[in-house]
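What follows is a set of notes on a single structure, which appears directly below.
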Amino acid sequence: GAVVSQHPSRVICKSGTSVKIECRSLDFQATTMFWYRQFPKKSLMLMATSNEGSKATYEQGVEKDKFLINHASLTLSTLTVTSAHPEDSSFYICSARIGENEKLFFGSGTQLSVL
Amino acid sequence: DQQVKQNSPSLSVQEGRISILNCDYTNSMFDYFLWYKKYPAEGPTFLISISSIKDKNEDGRFTVFLNKSAKHLSLHIVPSQPGDSAVYFCAASRFRGGADGLTFGKGTHLIIQP
């Protein structure tokens with residue numbers, strides 16, 4: 001079946017540094033990729049939607065300058081958390097969509113801890 | 001403002017019995033509903049979905065029921081098996097295909113006891 005690979009699975013960084021998370025679709029070309037964030041005991045919250053070759057669409061309340069999304073190809077999307085702060089510590093997960101398929105495929109997630 | 005609510009953080013069911021996971025939503029614009037299953041250290045995997053034009057969809061041991069007037073859906077698993085132990089997320093979308101992304105509930109941790 002389709003696989004979405006997300007790296008790294010866990011990252012610990014110092015406050016003020018930037019962290020890049022990669023999401024790759026391995027068996028298919030993803031027309032759309034979504035980035036979600038999950039705080040402890042909360043639900044997955046959609047952060048942004050990106051389509052290959054175009055700028056990402058951010059959800060209300062998500063800072064586009066802080067969470068940089070690049071979807072340069074149909075198989076790769078990256079999320080960069082710039083100048084990370086402890087409040088950015090969260091679980092980040094990507095999902096990819098093939099055409100009109102409603103079965104979104106998820107990566108395994110990245111646990112970010114900012115010290 | 002939680003648009004999709006799963007009010008039971010956990011549910012314990014004996015192996016062989018029926019598991020019923022519930023989900024409520026508030027946004028009447030939602031037209032498509034999905035259930036995802038998640039194991040630790042893995043991403044959610046799609047389980048079953050239902051469109052608002054239906055009230056039931058069945059796939060093997062899994063059946064999803066939708067009561068649109070009550071804005072309520074439920075996932076039935078019968079018979080429950082040990083491998084069903086996982087976190088189950090209810091999700092909703094305004095469009096088939098989730099073009100607008102999905103709105104998730106907090107999840108219910110299902111524990112199947114032998």
| task | Under 4.5 Å heavy-atom distance to chain A, tell me which part of Y39(B) shows up: side chain, backbone, both or neither. | result | neither
| Evaluation steps, side chain to side chain contact (heavy atoms under 4.5 Å, CB included), between F34(A) and L102(B) | CA-CA 9 Å; F34(A) 302 94; L102(B) 297 175; over 6 Å; no
| Does I77(B) share a hydrophobic cluster with L11(B), counting links as ILVMFWY side-chain heavy atoms below 4.5 Å and allowing steps through other members? | yes
| request: Please say whether more than 12 non-hydrogen atoms of neighbouring residues, nucleotides or ligands are located less than 6.0 Å from CZ in R17(B). | output: no
| task | Please look at L44(A) and chain B and tell me whether the side chain, the backbone, both or neither of the residue comes under 4.5 angstrom of a heavy atom of that chain. | result | both
| Inter-residue atom distance M45(A).CE - F104(B).CZ, 0.5 Å rounding | 11.5 Å
| message | With a 4.5 Å cut-off on side-chain heavy atoms, are Y36(B) and L104(A) touching? | response | yes
| said: Show the nearest heavy-atom pair for residues K106(B) and K42(A), with the distance to one decimal. | reply: CG-C, 4.1 Å
| request: Compare every heavy atom of I93(A) with every heavy atom of P44(B), then report the nearest pair and how far apart it is. | output: CD-CD1, 3.4 Å
| query | When clusters are formed by joining ILVMFWY residues with side-chain heavy atoms under 4.5 Å apart, either directly or through shared neighbours, do V4(B) and I20(B) land in the same one? | reply | no
| note | When every non-hydrogen atom of L46(A) is compared with those of G101(B), the smallest separation belongs to CD2-CA, 3.9 Å
| query | When rounded to the nearest 0.5 angstrom, what distance separates NZ in K38(B) from OG in S108(A)? | reply | 8.5 Å
| Shared ILVMFWY cluster between F105(A) and L76(A), side chains joined below 4.5 angstrom? | no
| request: Apply side chain to side chain contact (heavy atoms under 4.5 Å, CB included) to the pair F106(A) and F46(B), showing each step before the final yes or no. | output: CA-CA 9 Å; F106(A) 284 82; F46(B) 172 80; over 6 Å; no
| query | Where do S43(A) and G105(B) come nearest, in terms of heavy atoms and distance? | reply | CB-O, 3.0 Å
| Is the number of heavy atoms from other residues, nucleotides or ligands within 6.0 Å of NZ (K66(A)) greater than 12? | yes
| So what's closer than 4.5 Å to chain B heavy atoms on Q38(A): side chain, backbone, both or neither? | side chain
